[in-house]
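Only one structure is covered here, and it is reproduced in the block below.
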Amino acid sequence: MSTSGMAVMADRGADLAVEGIHTAYGLSQVLFGVSLDVRAGECIALIGRNGVGKTTTMRSIIGLTPPRSGRIVWKDRDIAHLGPHRICRLGIGFVPEDRRIFPELTVWENLDIARRTGADGRTTWREEQVFALFPDLAEIRDRRGGVLSGGQQQMLTIARTLMGNPELLLLDEPSEGLAPLIVEQLRQRVAELKATGLSIVLAEQNLQFVMSLADRVYILEKGEVRFTGTPADLQADKSIVQQFLTV
Amino acid sequence: MTLTMFTLNAFYGLALAMNMFIIASGLNLIFGVLRVINFAHGMFYMFGAYIVFTVTKSWGAPFFVGVLASALALGVIALVIERLLLKHLYGREHLMQLLFTFAIVLLMSDAAKMIWGTDQYSVGYPPGLGGAVSLGFVVLPQYQLFLCIVGPLIAVALWFVVDRTRWGRVVRAATQDREMLAALGVNVPMVYAAVFTAGSALAGIGGALAAPRVALVPGMDATIINECFIIVIIGGLGNLWGSFLGALAFGFVVQFGTVWAPNWQDVLPYVLMLVVLIIRPWGLLGRPEVG
Ligand SMILES: Nc1ncnc2c1ncn2[C@@H]1O[C@H](COP(=O)(O)OP(=O)(O)OP(=O)(O)O)[C@@H](O)[C@H]1O
Ligand SMILES: [Mg+2]
């Protein structure tokens, strides 16, 4: 593995290496050899225009759309062909871009079904902690998921995944469709999560959202990684943004 | 009709309803979660009844041991069917699933003939439940009274499990978004297997409890599966209390139908279903399908 230099942080868990994965939906291939890695406690951002494969990369990692070839190594173990529930139980949590709140379940029930001791035995995230991070959710705990606002749904979908005590969070376009004020609140929450040592893969189109959070950035285009660097690298070279992100 | 006759008929209707509810609730549970219409459910019911016969008559065990044996046997049969075969058919066209469960009907029907032959059997009332209770103006048979208690107990137990336990919450989530549920660490195939097992065990229990009040003959499965469909459709697909109401409506219509309109006895349940569907296309407590 490529992260021996991070030995000090290794005991904090997350360590993911995606190695040349090819993923397809039926006959249409979407990812063409995507590689990336996440060290423990690190936040990496996946950015790129609509349809470049950010979501598909996450679905490949969590096992919902397993790659056709390539490896996904999580803590020295190839998880590329495990089912999603097994991958989740190994400490990877997925927060989907369309939120996927169970509409007939209440807020509390949505949280309850995701309750799980972490892969390393930790129980950092329980109801109280999750409600402390998202106080708004505590007030609507008996409301049905189907009637929540977009912002509330986004809080709930993150809170729900945290209930599984993951070590790595796959966070897919959390800012999508939310008002600027809510986006800023959300950014602060994600920053707090990062500060707890949680590793994060963040897919975003909103560059502002990414810049202050990410340690490193991967730019995807047509199912391939076209740029890897720090947010500072990206800031220094406006042509990259021009080439891969401006619509 | 005298008050006595009316009460007695209402009571028999209620007992029939409760027995039917136990069976139909299993079919409904399976449909609600797996979205599979299990044609073999009636066959599971028939096996339940026959197993009670064998356990009580041939082995001489008490009736309630027979009921338990039926529940266990049907649970095991269903689990094997689900794990070996049915699990490959989720998400396939409904026609495939129908053909598959119909194939199970044919297989089990032959198996039943091999095991029990084609004679007609009967199972006596369990000791202590063969008598009658007098209310003064009317005398009610104990076994039917027993069914009127067991039915609601099973309904409340099902409601409690589905509505009030974590396991039930997971099951409800599985009906809404199985992919997300899997990503949250739930072994969804095991949830499906458990629901199919539990729903089929209910058919076994329903058949076992029906054994003292019906004749055990080949073909008893076909009538029951039709009646279960009627009940589930009247009540609303996937809705527990809907099935309860549907069973009540069915029980009363059948019972009073035999008294008041004996020539119409066989079509009345279908008439009931048509009327309900015209007034409420999604059943009494059902809701329009979304997506
Ligand atoms: N279920 C699916 N079946 C077939 N094709 C799909 C499916 N989901 C996505 N695609 C296609 O795969 C490609 C990549 O989609 P993906 O959702 O991974 O992109 P994305 O980068 O997440 O885009 P966005 O920013 O819009 O969320 C797109 O061309 C999309 O049309
Ligand atoms: Mg996406």
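Below, read A as the first sequence line, B as the second, and so on, with proteins coming before strands; counting in each chain starts at 1. Excluded from the calculations below are hydrogen atoms, water molecules and symmetry mates; all remaining heavy atoms, backbone and side chain alike, are included.
- Between chain A and the options V188(B), V186(B), V170(B), heavy-atom pairs under 4.5 Å are most frequent for V186(B).
- No more than 12 heavy atoms of other residues, nucleotides or ligands shown are found within 6.0 angstrom of CZ on R86(A).
- Closest heavy-atom contact between A183(B) and L64(A): CB-CD1, 4.3 Å.
- For chain B, the nearby parts of R115(A) are the backbone and the side chain; heavy atoms of each come within less than 4.5 Å.
- Looking at heavy atoms from C-beta onward, M180(B) lies in side-chain contact with R160(A) at the 4.5 angstrom threshold.
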E179(B) vs R59(A), test: side chain to side chain contact (heavy atoms under 4.5 Å, CB included). Steps then yes/no. CA-CA 11 Å; E179(B) 189 179 73; R59(A) 290 179 59 91; 3.0 Å; yes
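- Considering only heavy-atom pairs separated by less than 4.5 Å from chain B, the leading option among I113(A), T161(A), I92(A) is I113(A).
- Heavy-atom neighbours of chain B within the stretch residues 95-109 of chain A, taken at a separation under 4.5 angstrom, comprise P96(A), R100(A), F102(A), P103(A), E104(A), L105(A), W108(A), E109(A).
- For the atom pair CG of D112(A) and CZ of R169(B), the computed distance is 4.0 Å after rounding to the nearest 0.5 Å.
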Checking R89(A) against N187(B) for the side chain to side chain contact (heavy atoms under 4.5 Å, CB included) test, could you report, in this order, the C-alpha distance in whole Å, the side-chain angles of both residues, the deciding distance, and whether it holds? CA-CA 10 Å; R89(A) 291 176 187 185; N187(B) 189 347; 4.0 Å; yes
